[in-house]
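In what follows, a single structure is set out as structure tokens and then discussed.
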Amino acid sequence: MDADRRAALEERTRYEPAESEARVFGRWEAAHAFDAEPDAPGDRYCICLPPPNVTGSLHMGHALNGAVQDTLIRLKRMQGRNVLWQPGTDHAGIATQMVVERELAKEGVSRHDLGREAFVERVWAWRRQTGSTIIEQYKRLGASMDYRRERFTMDADYARAVLEVFVRLHERGLIYRDSRLVNWSWPLRTAISDLEVEHREVDDTLYHVRYDVDGGDEIVIATVRPVTILADTAVAVNPADERYRHLVGRTATVPLVGRRVPIIADDRVEIGFGSGALKVTPGHDPTDFEIGRDHGLSAPLFMDETGKLTDLKPEWEGRSLAEGHDAAVAQLRAEGRIVREEPLRHAVGFCQRSGARVEPLVSLQWFCRMEELAATAIDAVRSDRIRFHPRRLEKVFFDWMESIRPWCISRQLWWGHRLPVWFAPDGSHVVQIERPDGDGWEQSTDVLDTWFSSALWPYATLGWPLDTASLRRWYPGDVLVTGRDIINLWVARMIFTGIEFAGDIPFTDVYINSTIQAADGRRMSKSLGTGVDPLDLIDRYGADATRYGLLKMCSTQDVRFAEGMIDEGRAFANKLWNASRLILLGASAAALPAPTGADPVDRWILTRLGEVNATAITLYETYQFSALVKELYAFVWNDVCDWYLEALKIRLYTDDEAIRQAASETGLYVLERILVLLHPLLPFVTEEIWAHLPGDRGLLMQARFEAADDIRADPAAAAAVGAVIELVTELRRMRSDAGLGPREPLDVLLADGAIAGQADLVRALGHATIVSAAPGGVPVTAGDAQVLVGGAALATALHTKLERRRATVAGELAKARAKLANPGFSDRAPAAVVAEEREREARFAAELSAIEARVADRDG
RNA sequence: GCGCGUAUAGCUCAGCGGUAGAGCGCCCGCUUCACACGCGGGAGGUCCCUGGUUCGAACCCAGGUACGCGCACCA
């Protein structure tokens, strides 16, 4: 290491993420380390980023999700796979249109003032300017995506793929046009899908309204929305309902409009609800729609697409829904038709985007028939070709897929993929991508549901329907990492379109990451101000610390956000930095990393390294990130820093160059391997340290992640060092209990056993004087050895401790004996468990008698 | 309404049939030559309740209780 670099390392006693991250990221980019090439060697490994909404910015879900994906992709890249992590965004029809409309509103213009074409151009301008914001934010996290390949669901070639899918599904008869009841969002003036409707409990009033029946009778219906009475076309009762049997077949008069409608019998009417009589409004209610269809009723609309009343009652035409409600209640009340009002709490659908109450209404839309497509996706999961992690979430998928309904895929928006449907002047239409020959063809004004296009993401991003090198190389992909809320919107749809069009399942594993809740245990909420901004965390703690914390929180269940875990990550990065400084600055100039293992301490840490390496690989590959982070933290902090480095210092600071050289080699080797192990989790700090390792080496992110096979285990050395650790810990405890300073010398007599050869280590780490006889010393258990600790100063202070220990040991001994005395245990428990219990009994018995001898000695 | 999940140290969470764990916080002590974002020591737990299975239960089963999250057209 040259003098400048050495001085720089010496100065930097803290790891400052802000100082390193941009520089390290620049090195990766300069080396084109993220670039994926189809003809590169190695088995394929592919993840596509669930495309975030183009209007979005990085939130906690993205950050966790991104940390998981980057961890996997870096691991696989280091394992020699030819990896692709595909970035991109979706065009988010409604959200984007709203963003741009809000912009226009500031200029006092509406999209209607602009006209469709100019508006769409305006959206593109917005997209060119800010559309990659969220992808740029992923870079702050260290995400190693191939940014050259960023895709957008409105890109020309992608759009072509979307239309191709539409046409093919239509040819197969799976896409059709129909007039059906849909969820209508009047502020947005579009239909929305079932999944975009959010149900909330609402307190409403249930009005009981009296309708006149020909012949002087009357019938009372119940409704929470009296204004819908305008569109009633029947009154229905349950055929089994005695109360109303005599009215069936007669004619009722609808209040407010005076329409004369039949009273019909239908068993979908629930006898026990309200009055038991149902006003039937086929144009605005799912059940009523079905009843209306079966009874041949018409389905007039009381409101139009903009949320205004229609001319069913001409004098109210043009009023808002709220005004209509008030007017209806007022008139019914004035006419004395409201016989009862009662509070009703019930679930009502709201439009996710606009927040308005969803209005079910009959509308002419395009639908996708789902049963057949769903069956292939169900089969892929059922047969284990696709596995969910955690497994139980398959149920969410099955529940939705098995009760699937037609998917309304058309939207009355301006921003999106316009349907490849062409209308002739005579009203007939054809479905094809190109405009048909001849004059007068008009393209459908509808666009497709955004989710329809993002369902093709895994293969459309790779060039489908063309047979591209990328598609051949990386499809199907390996794992989809996403949040639970997206299972049905996305995962399910990607699976069946993948099978249908790309000829195979899009991935084999679906890893659903935890939801990070706010500190109050509920979902993070913007409106409640309980959200946490990951970019702010990165600014304050660093990207590595943020990744560390998020991954530590990430298990198979939801977790509350705990900033302490991020802070722990920062401390860990700093610890790693400083441990590295010790090794790098203390090592012999000529030393290169090598598992030399000159000393038992070296062989012990190499043994541990081998164990941890193997465990880590398993945890990485089974998505157990929280356990992985803990495992590596404990190894680095406790084994390496607390013990190995303390022991290594002795040889690093010696004058004997041969010893120093050998110690340096192993030290550097251990450091090198730790950096490799940690890199997928903490890419920045590990890459930064890597650059300081001696020797000619490239980037850490391009280094090889080795299996543990090459590390030799040495159980004898491990046992000896284990005994030293136990003894030194006991010596520290004694000093503390006796009120002695931490470096107060103690006399120690080493007994035979694993520890016998470790006098130097005990002397150095334990600040002990090794003696050959210690009259009046206190016996201490340390692994397999008995050690005598001498020094009169300790005697009194240790007496209390000894008594305490005697009580503990006696208790444990009694427990072990009771267990063994139980015939049920010794006869029926596995032999190994019984043997272990016997061993414990013997150990406690020996220790107890030693303590008692000591006490007797002292007292006598 | 249906489904899923969670209840373990003051806080956030591991452990999921055989000696109760971590980080933070707390207490005591350290200007130890990598790190005070540190070092050493310590205190702290009827593992939600009630039953059951088992030689043995924090862990398995049943029933409660509390909380969270999905899904859902009762007007």
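A, B, ... follow the sequence lines: proteins, then strands. Residue 1 opens every chain. Note that the structure is predicted; figures quoted are calculated from it, not measured.
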Categorize A:Thr729 for me: base, sugar-phosphate, or nothing, with a 4.0 angstrom heavy-atom threshold over every strand shown. sugar-phosphate

Hey, does A:Gln517 reach any base, or is it just sugar-phosphate, or nothing, if we go heavy atoms under 4.0 Å? sugar-phosphate

Please confirm whether the shortest side-chain N or O distance from A:Arg743 to OP1 or OP2 of B:G40 is below 4.0 Å. no

Distance test, side-chain N/O of A:Gln557 to OP1/OP2 of B:A14, below 4.0 Å: yes

Choose from B:C37, B:G41, B:C35 the nucleotide whose nearest atom is closest to any side-chain atom of A:Lys575. B:C35

A:Asn574, nearest nucleotide to its side chain (from B:A72, B:G41, B:C35): B:C35

Any base atoms under 4.0 Å from A:Pro823, or only sugar-phosphate, or nothing? Heavy atoms, all strands. nothing

According to a strict under-4.0 Å criterion, is A:Trp637 in side-chain N/O contact with OP1 or OP2 of B:C39? yes

Just to be sure I understand the rule, does A:Asp558 reach a base, reach only the sugar-phosphate, or reach nothing, if contact means heavy atoms closer than 4.0 Å? nothing

Which is true for A:Lys815 with a 4.0 Å heavy-atom rule: it touches a base, it touches only sugar-phosphate, or it touches nothing? nothing

Identified salt bridge (Lys or Arg N to Asp or Glu O under 4.0 Å) partner of A:Asp204 from the options A:Arg225, A:Arg357, A:Arg345: A:Arg357

Output, in order, the C-alpha distance, side-chain angles, deciding distance and verdict of salt bridge (Lys or Arg N to Asp or Glu O under 4.0 Å) for A:Arg484 and A:Asp558. CA-CA 10 Å; A:Arg484 203 174 32 237; A:Asp558 293 347; 2.8 Å; yes

Please report the distance separating the P of B:U50 from the corresponding atom of B:U65, rounded so that it comes out in whole Å. 15 Å

If you compare every side-chain N and O of A:Tyr15 against the phosphate oxygens of B:G38 (OP1, OP2), does one of them come in below 4.0 Å? no

Rounded interatomic separation in angstrom, taking CD from A:Gln352 and C1' from B:G70: 13 Å

Taking atom types as they are modelled, is there a donor-acceptor pair under 3.5 Å from the base of B:C73 to the side chain of A:Thr287? yes

With a 3.5 angstrom cut-off on both distances, give the Watson-Crick or G-U wobble partner of B:G51, or none if there isn't one. B:C61

Just N and O in the side chain of A:His346: are any of them under 4.0 Å from OP1 or OP2 of B:C74? no

Once you round it to whole Å, what is the distance between C1' of B:C33 and CG of A:Asn578? 14 Å

How is A:Ser555 classified with respect to the nucleic acid when contacts are heavy atoms under 4.0 Å: base, sugar-phosphate, or nothing? sugar-phosphate

Within the 4.5 Å heavy-atom criterion, are A:Tyr548 and A:Ile566 side-chain neighbours or not? no

At under 4.0 Å, does any side-chain N or O of A:Arg560 touch on OP1 or OP2 of B:U12? yes

Determine the contact category for A:Ala562: base if any of its heavy atoms lies under 4.0 Å from a base atom, sugar-phosphate if only primed atoms, P, OP1 or OP2 are that close, otherwise nothing. sugar-phosphate

Given the rule in the side chain to side chain donor-acceptor pair (under 3.5 Å) test, do A:Arg12 and A:Ser20 qualify, once you have shown the distances and angles that lead to the verdict? CA-CA 12 Å; A:Arg12 295 172 66 188; A:Ser20 298; 3.3 Å; yes

Could you tell me whether A:Glu847 and A:Arg843 have a side-chain N and a carboxylate O separated by less than 4.0 Å? no

Select base, sugar-phosphate, or nothing to describe what A:Arg570 touches, counting heavy atoms under 4.0 Å on all strands. base

Inter-nucleotide P distance (B:A43, B:G21), Å rounded: 12 Å

Where the side chain of A:Leu582 is concerned, which of B:G5, B:A34, B:G40 is the nearest nucleotide? B:A34

Which part of the nucleic acid, if any, lies within contact of A:Glu568, taking any heavy atom under 4.0 Å across all strands shown: a base, the sugar-phosphate backbone alone, or nothing? sugar-phosphate

